[in-house]
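What you are looking at is a predicted structure, and each value in this text was computed from that prediction instead of being measured. So you know, we letter chains A, B, ... as the sequences are listed, proteins then strands, and number each from 1.
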Protein chains: 2
Amino acid sequence: MRPENRRQVKELTLFRAMPDAAFDRLLAGSFFQRFPAHVVLIREGDLADFLHIVIDGGVELFSNWRDHETTISIARPISTFILAAVVKDAPYLMSARTLDASSILMIPSENIRTAMLDDSAFGVAMVDELAACFREIVKAQKNLKLRSGVERLANYLLRLDAEQRNDGRVVLPFEKKLLASLLNMTPENLSRAFATLKPYGVAVSAAAVEIANPGDLRRFAKPTPLIDDPKS
Amino acid sequence: MRPENRRQVKELTLFRAMPDAAFDRLLAGSFFQRFPAHVVLIREGDLADFLHIVIDGGVELFSNWRDHETTISIARPISTFILAAVVKDAPYLMSARTLDASSILMIPSENIRTAMLDDSAFGVAMVDELAACFREIVKAQKNLKLRSGVERLANYLLRLDAEQRNDGRVVLPFEKKLLASLLNMTPENLSRAFATLKPYGVAVSAAAVEIANPGDLRRFAKPTPLIDDPKS
DNA sequence: CGCAGCCTTGACAAATGTCAACAAACGTGG
DNA sequence: CCACGTTTGTTGACATTTGTCAAGGCTGCG
């Protein structure tokens with residue numbers, strides 16, 4: 001692990017307040033490893049031995065039941081995933097695989113749990129992180145239960161635009177198949193959803209999406225901070 | 001607040017490890033109040049001034065968008081709700097209303113946050129509670145994305161049976177309209193879903209559901225601990 | 001070059017939502 | 001305790017949404 005990376009991890013709200021010595025203790029026994037794309041890191045049902053942190057690349061969190069599979073979320077640098085399973089010392093509820101070539105830091109669950117007991121500031125940081133994760137997934141749940149597929153897509157595009165250059169020229173960050181799974185639709189349906197948004201000024205060409213008039217799309221999508229705001 | 005109730009709240013994993021004196025400090029400025037059925041306790045978007053705890057009765061957590069409404073979860077005694085908003089000092093993401101006449105304990109958010117800083121064991125308990133909440137909603141997400149309406153109903157019935165007497169004679173704990181909203185379907189659709197399960201030995205009469213042969217239903221529902229186990 | 005996987009489109013099927021009608025259950029005020 | 005109106009639950013007919021299957025074009029990679 002390069003000092004550069006160590007610094008980045010230390011910058012996470014989770015670890016920011018931690019004294020350097022404690023942080024070094026936390027990292028004892030950790031692995032920093034580079035993986036190619038499309039490697040399964042975690043299989044749901046396994047016990048949570050390590051807290052994982054994406055340093056570079058991207059990770060898909062997904063789940064299977066019978067012959068269905070669905071994407072729950074995407075973890076981008078620099079962020080943790082499957083924190084809750086680590087805390088509870090319980091089986092992972094989701095599987096994880098790399099999207100692209102990725103660098104992953106793995107910290108033994110045991111280290112996390114003891115750090116929490118030793119350092120109450122770290123405990124507070126964990127509470128903060130978990131609360132944020134919880135709120136994210138509540139929003140995802142609302143998005144899923146209250147909106148149709150087309151509405152989810154429209155709001156997703158608006159969010160992407162805001163995260164990117166806010167000029168109506170959006171680039172999809174991964175393949176449409178995965179986006180479909182994230183938005184809970186089939187790839188065929190996603191294609192049709194894009195077609196449905198055409199009258200609102202949405203034009204797609206491979207990964208590039210142009211939103212001719214964001215106002216039109218916004219009037220259709222009706223975004224609300226209580227679902228679509230990444231913070232709050 | 002009766003001593004009986006105080007004892008019950010103290011029994012929550014959240015507060016169990018706390019010294020009595022600290023617990024009393026935590027409760028300073030709290031309200032213990034009895035509400036009739038169908039009273040709105042919390043409106044989504046409002047700021048989280050109080051941590052709420054259901055002592056008696058039941059609370060529905062729900063959310064609106066445009067002219068849709070959906071139930072996110074049901075809080076039963078003795079448990080907290082909207083913990084995450086309190087921690088983040090952020091707006092509630094869900095509204096809450098009483099299902100029946102209910103007793104609610106409300107603890108000022110400020111007290112929770114200071115207790116967390118003072119007492120690292122309480123911090124750990126909070127982490128534990130939030131992680132449990134997170135895992136519950138991940139399961140709900142998987143349930144929603146991976147299963148059809150009929151499958152959700154079948155698994156719900158099996159879970160209810162396990163929670164109740166495990167003899168195939170289940171009593172629905174609230175009206176079907178609410179159950180439909182929780183399972184993300186319309187009331188009409190829920191009626192039809194019950195009819196679909198008839199060949200698997202499910203007979204409904206008002207709130208009483210009889211599962212003639214749980215084995216049959218189980219083979220159809222294919223429950224898995226990674227979605228349906230309340231603990232883990 | 002040729003294969004494999006992704007994306008799109010069309011035709012069709014299945015699931016789910018909507019609207020209307022009505023019966024049953026419930027709560028309220030007499 | 002009854003009568004009344006309101007709400008809930010059910011059913012049918014139908015519309016809409018979403019999923020499935022098949023085909024074909026495109027792209028990227030060996």
Contact list for DNA chain C against residues 195-208 of chain A - heavy-atom distance below 4.0 Å: none
Calculate the interatomic distance between A:Leu146 atom CG and C:dG17 atom P; express it in whole Å. 12 Å
Test item: B:Asn155 side-chain N/O and B:Glu151 main-chain N/O as donor-acceptor pair under 3.5 Å: yes
Could you tell me how far apart A:His68 (NE2) and C:dA15 (P) are, to the nearest whole angstrom? 11 Å
Rounding to the nearest 10°, end axes of the helix from C:dC1-D:dG30 to C:dG30-D:dC1 built from five pairs each make an angle of 50°
Residues, nucleotides or ligands: over 12 heavy atoms within 6.0 Å of A:Arg43 CZ: no
Are side-chain heavy atoms of A:Val87 and A:Leu51 found at a separation under 4.5 Å? no
Could you list all the side-chain hydrogen bond (donor to acceptor under 3.5 Å, both in side chains) pairs where at least one residue sits in residues 174-194 of chain A, not counting sequence neighbours? A:Thr71-A:Ser181
Interatomic distance, A:Phe194 CZ vs C:dC7 P [rounded to whole Å]: 10 Å
Any side-chain heavy-atom pair from A:Ile55 and A:Ile104 closer than 4.5 angstrom? no
I'd like to know if the side chain of B:Ser102 and the backbone of B:Gly58 have a donor-acceptor N/O pair within less than 3.5 Å. yes
CG of B:Leu190 versus P of C:dA15: gap in Å, rounded? 16 Å
Looking only at atom types and distance, does a side-chain atom of B:Trp65 sit under 3.5 Å from a main-chain N or O of A:Lys222, one as donor and one as acceptor? yes
Could you check whether any side-chain N or O of B:Ser63 sits under 3.5 Å from a backbone N or O of B:Thr70, counting only pairs where one atom can act as donor and the other as acceptor? no
Would a 4.5 Å heavy-atom cut-off, applied to side chains only, mark A:Phe220 and A:Val150 as touching? yes
Walking DNA chain D from its 5' end, the first of A:Arg152 and A:Glu188 to be reached, judged by nearest nucleotide, is A:Arg152
Within residues 174-184 of chain B, residues whose heavy atoms come under 4.0 Å of DNA chain C: none
For B:Asn189 and C:dA15, give me the distance from atom CG to atom C1', rounded to whole Å. 8 Å
Indicate whether the side chain of B:Asp161 and that of B:Gln164 have a donor and an acceptor atom separated by less than 3.5 Å. no
Please check if any side-chain donor atom of B:Arg34 sits under 3.5 Å from a side-chain acceptor atom of B:Ser103, or the reverse. yes
Restricting to pairs with a member in residues 200-214 of chain A, which pass side-chain hydrogen bond (donor to acceptor under 3.5 Å, both in side chains), not counting sequence neighbours? A:Arg169-A:Glu210
Walking along DNA chain D from 5' to 3', note the first and the last nucleotide with an atom under 4.0 Å from a heavy atom of chain A, and give both. D:dT18 to D:dC21
Hey, can you tell me if A:Tyr92 and A:His52 have their rings parallel, tilted or perpendicular (30° and 60° cut-offs)? perpendicular
